[in-house]
Protein chains: 2
Amino acid sequence: MATGSPRTSTTGENPSGQRRRDAAGTRQLLLDAARRRFAAHGYTGTTVRDIADEAGVNVALISRYFASKEGLFEACLAGAVDELSHAVTENVTLDRLPQIMAEQLAGTGLGSRPNQFLLLLRSSGDERADQIRRNTVRSFAERLASAAGWRPDHPDGDRLMLRAQIALATAFGIVLLRSSTGLEPLSSATPHDLVAPLRDVVDGLLRERGTR
Amino acid sequence: MATGSPRTSTTGENPSGQRRRDAAGTRQLLLDAARRRFAAHGYTGTTVRDIADEAGVNVALISRYFASKEGLFEACLAGAVDELSHAVTENVTLDRLPQIMAEQLAGTGLGSRPNQFLLLLRSSGDERADQIRRNTVRSFAERLASAAGWRPDHPDGDRLMLRAQIALATAFGIVLLRSSTGLEPLSSATPHDLVAPLRDVVDGLLRERGTR
DNA sequence: TCGCCAAGTCAGCAGATGTTTACAACATGC
DNA sequence: GCATGTTGTAAACATCTGCTGACTTGGCGA
């Protein structure tokens, strides 16, 4: 795997297109490497030396730029939350949801897209990071529930929220199975392969058939 | 939390009902503690001293009885696979599936039931253990697919298998969300709460509506 | 050109971690 | 009682891990 996206700078580049001394660029290299490592091996399964090596950067710079391993993890989480929140907008409709989920779960954008989801499932033991994780997951569940007509004071709202959370669980489970086991055909499924089954799941869970 | 189930022996017990020297009992204490720890914190997030302390046993006995931390993990995995295979029988029907899933996911049996599922998602880095995990997950997916009419040479069998794997992903995702985030109402949902949504998921994914 | 500060390197510390080794406590057969 | 094998304990080990402090190197403005 590559050591990360090439640094995009306008001055001081060496022949390979990378700057030799570029704080922002180095920071980003560390973030990218850390996201991959944390997502793949979890927090405790990743060492700062692993990250530094993958980024092609000295270990001590992690402490310099992120204060600590936990700081780096929080930065990764914040970035992932940011991108995901942008992808799954606040006002989703049930009709568009399966397509969005399929693209996010199996998106081919650098192959780094599913990492975002995985990060949300990786506990670091750090209380503040876990708080971010929890809030993010809850926020996503509420967006799903809203798409199904849920409102904070909805009568029988718990039932709908539970179903939204189960739909979210399906998404997380798919990412996890794809990354953690080589389960086929799921692991190689394209967004196009996933959208029809996901539509059936979403419809089955969230499409109201009366109050049932 | 208790240090595990009381040792069941017939001789040499002390006043508290526990034998002071009982290899099989100690082994079991270690297995129970390890299952809880591994499921809750993952392989790398669990130290042998954690396990030994929770079991109330000396650390060195892990090496004695299981050769290594990896050996202990494999033993945990084998036990979990055993219990789960027994719970989800080979010939399941689509009708009974939601009830079985709900009970396995939210079963109150000691509160240790969902751990089994979690263990299947915890990678140890050990190649042999990961092989067990993969094979087990694949076996479960095939049982689900079979319930939906899938056969090894089924025409368009991949489509059905993919859907079965997504159903399995839902199960794993639910366990994960329940344990990893305190997401409500999902985390407190009883088997009874889960069975209706799960039925909708299973029906939506696996119940054939013609060949579609 | 030169001084200065940011960016990067290097070695090492203190604690944690998996494992081993030597030893003590106990139960059992004689 | 005593020898013997089993069970449990304690300490130490080599290595790994996160982090730090002193140092070097490079780039930029004066």
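These values consider heavy atoms only, across backbone and side chains, with no hydrogens, waters or symmetry-generated copies.
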Sugar-phosphate only, base, or nothing, as touched by F66(A) at under 4.0 Å among non-hydrogen atoms: nothing
Distance in angstrom units between L72(B) CG and dT19(C) P, rounded: 10 Å
Between C1' of dG8(C) and OH of Y65(A), the distance in whole Å: 8 Å
Sugar-phosphate, base or nothing in reach of T44(B), heavy atoms under 4.0 Å: nothing
Sidechain N-carboxylate O distance under 4.0 Å for E74(B), R133(B): no
Atom-to-atom span, CZ of R27(A) to P of dA7(C) - whole angstrom: 12 Å
Carboxylate-amine/guanidinium proximity below 4.0 Å for R96(A) and E103(A): no
Rounded interatomic separation in angstrom, taking CD1 from I51(A) and P from dC19(D): 10 Å
Atom pair distance, as rounded to whole Å: CG in L30(B) and P in dG18(C): 14 Å
L162(A) versus P197(B), closest heavy-atom pair with distance: CD2-CG, 4.4 Å
E70(A) CD to dC19(D) P, straight-line distance once rounded to whole Å: 8 Å
Salt bridge flag under 4.0 Å for residues R163(B) and D200(A): yes
Nucleotide dC16(D), atom C1' - distance to CZ of R49(B) in whole Å: 13 Å
Contact summary for A52(A) and N58(A), nearest pair of heavy atoms: CB-C, 4.0 Å
Gap between atoms CD1 and P, on I62(A) and dC19(D) respectively (whole Å): 9 Å
Donor-acceptor contact present, side-chain R35(B) to main-chain Q116(B), <3.5 Å: no
Charged tip of K69(B) within 45° of F38(B) ring normal and under 6.0 Å: no
dG8(C) phosphate, OP1 or OP2, under 4.0 Å from T26(A) side-chain N/O: yes
Polar atom pairs (N or O), protein with nucleotides 20-24 of chain D, under 3.5 Å:
none

